[in-house]
Every structure is written in C-alpha cells, then in structure tokens.
There are 2 protein chains.
Amino acid sequence: METSHNGDELARILATLANPHRMRVIAALAHERNYVSALARELGISRPLLQLHLAKLEAAGLVTAAFELSADGKAMKYYDTVPFAVTLTPQSIALAARTLTTEEGDS
Amino acid sequence: METSHNGDELARILATLANPHRMRVIAALAHERNYVSALARELGISRPLLQLHLAKLEAAGLVTAAFELSADGKAMKYYDTVPFAVTLTPQSIALAARTLTTEEGDS
DNA sequence: TTCACCTGCAAGAAAAAACTAGCATGTGCC
DNA sequence: GGCACATGCTAGTTTTTTCTTGCAGGTGAA
C-alpha cells in the first residue's frame, strides 16, 4: 500500500508505469507470477529487453524477484507484482512536488 | 473525473506527470491559475521550456488554457489545472494494458 | 559431449525527450 | 521611436531512454 511518496519516488513510479511493455508486464504478473524466459515468450519480446524493464519495475518497487529451483534443478527467477495503490490528483501531485530534489531550491 | 482510460491515454498521462517540471507546474496551477510568463518566472525556468511542458500537459488533458485581456490590453494566456483523479493499482494497469495499441496484436 | 533450457551482463545503435538560443509577432506606455 | 511586457515558433543540441546483438556462466537430460 502506498500512502505518501516523496516527489522523486512518485516521479520514478510514474515514469516506470508509463511504458506499454511495462504495463503489459504488470498485467501479466498480476495474472500470475512467472519467470523471465517464460514471460519474455508470453509477451513476445526479447529476454534482454524484458530484463531491462523488469529491472526498472523492481527499482521502482512495483515487482519483486525471487529465485526458485524448478523440479529439474534449474534456477528460475520468478517475478511477482507488489500490491500498490497510488491516487493521482492535482493536490497529490502538488504535495509530492514539494519534496522534489531536482536541483534548484525554489526560494 | 477519470473513470476508465484506454491504455495509451493512461500511458500518456503517466508519462506527462512523471516529470519534475511538470509536477511543479501542476502544483503551481493548483494553487492559482497563472499566465505563461509569470509562471515561468515563478518556477525559475525559461519560457520556451515552460511552453513545451504546458503543451504536453494540455495534450494530456491535465491543464486548460484560456486567453484573457489584462487591464492594460495585453493578451495573456492563462492556464489552469483540470480536476482529475487516477488510481493506479496492478489491476487498473492490467485493465488498461488490454487496450494498448502499441503495435503487435498479441495473438 | 552436445543440446536445451535457465540466468547475467555490456557495448553500441536507434529513437525519443528535454532543453537552449534566437527571432518573429503584438500591445501599451514614456 | 524605443522600452517593457505579452505570445509564438523553429532549428539545433544535449541528454535520456529504449532496444539489439552477442557473449558469458550455469543446470539436467539424451
């Protein structure tokens, strides 16, 4: 659950979510957790590209990763969504904007 | 008020909001409507840059513009925020992802 | 051993976004 | 007229993001 974010955190979450591939990743993982290679096949994108997007999603705290050994001993990296709820309104943006650290201390 | 968005629309809104300058613009306009030049001074950024961000905000439907004549006859372009409320959850993303048109018809 | 599957990483190309600099228009006022 | 303010637009640079290609490692099974 998300309550208050600082501005940079919120900006990162929004930037991360604002991508078709990553939206589909969230959608796929919300349906069922999966490991990288299988997910890449499901989404029809290359594995390196998927890994890039997964890394961003994980960095934003929107998905989690866990290693698991398959029945035949292969190391699989399973990803799953992290439950989140962010509400965007002009007011919530205004509040978050107060804590932006992007240089310039607005005097 | 926002209810359901198609995926592309949501992606655009998120991408638009995911920028420090634009977050500050929303914050400033939520506080009080303003015209371009004054807003640029308030935020401490160049006018052309602000116009770029305002154009994106307007394209995403997050702010509106209206021309107004000042007391001394100058044409001022006033901007104001549009009330919006977008809630982001894994489910809402999943729903929106269904209507993404970014090429590939996932067979 | 070879094949099929899993992971990770990094270098470089391609595309998109952000930003600057500059010049155009117009107004009213001194 | 010249100054100060408002708007607009565009060309070009810089920066960031996205994506591809290709290689590395590991496992179990035929």
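Lettering of chains follows the sequences in order, A, B, ..., and the numbering in each one begins at 1. Fair warning: this is a prediction, and the values are worked out from it, not measured in the lab.
Across the interface with DNA chain D, nearest-nucleotide mapping of A:Lys74 and B:Tyr35 shows B:Tyr35 to be the residue nearer the 5′ end.
By the 4.5 Å heavy-atom criterion applied to side chains, B:Leu62 and B:Thr81 are not counted as neighbours. Side chains of A:Met23 and B:Leu10 form a contact here, defined as non-hydrogen atoms less than 4.5 Å apart.
Taking every heavy atom of both residues into account, A:Asp80 and A:Leu29 meet most closely at OD1-O, 3.8 Å. Pairing each heavy atom of B:Ser37 with each of B:Arg47, the nearest pair is OG-CD, 3.5 Å.
The distance from atom OH of A:Tyr79 to atom P of C:dC6 is 15 Å, rounded to the nearest whole Å. The CG atom of A:Leu54 sits 10 Å away from the P atom of C:dG8 (whole-angstrom rounding). B:Glu68 has its CD atom 21 Å from the P atom of D:dC5, to the nearest Å. One interatomic measurement links the two molecules: CG of B:Asp72 to P of D:dC5, which rounds to 11 Å at whole-angstrom precision. Straight-line distance from the CD1 atom of B:Ile45 to the P atom of C:dA17: 18 Å, rounded to whole Å. A:Gln51 has its CD atom 12 Å from the P atom of C:dA10, to the nearest Å. B:Leu50 has its CG atom 12 Å from the P atom of D:dA6, to the nearest Å. Distance B:Tyr78 OH to D:dT7 C1': 14 Å, rounded to the nearest Å.
With D:dG28, C:dG28, D:dG8 as the choices, the nucleotide that has an atom nearest any side-chain atom of B:Lys77 turns out to be D:dG8.
Rounded to the nearest 0.5 angstrom, A:Asn34 CG and A:Arg41 CZ are separated by 8.5 Å.
No salt bridge links B:Arg24 with B:Glu42; every basic N to acidic carboxylate O contact stays at or beyond 4.0 Å.
Around CZ of A:Arg33, the count of heavy atoms belonging to other residues, nucleotides or ligands within 6.0 Å exceeds 12.
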I'd like to compare against my own output: the B/S/- annotation of nucleotides 11-23 of chain D with a strict under-4.0 Å heavy-atom distance to protein. ------SSBBBB-

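Within the structure, every side-chain polar atom (N or O) of B:Ser70 is placed at least 4.0 Å from both OP1 and OP2 of C:dT27.
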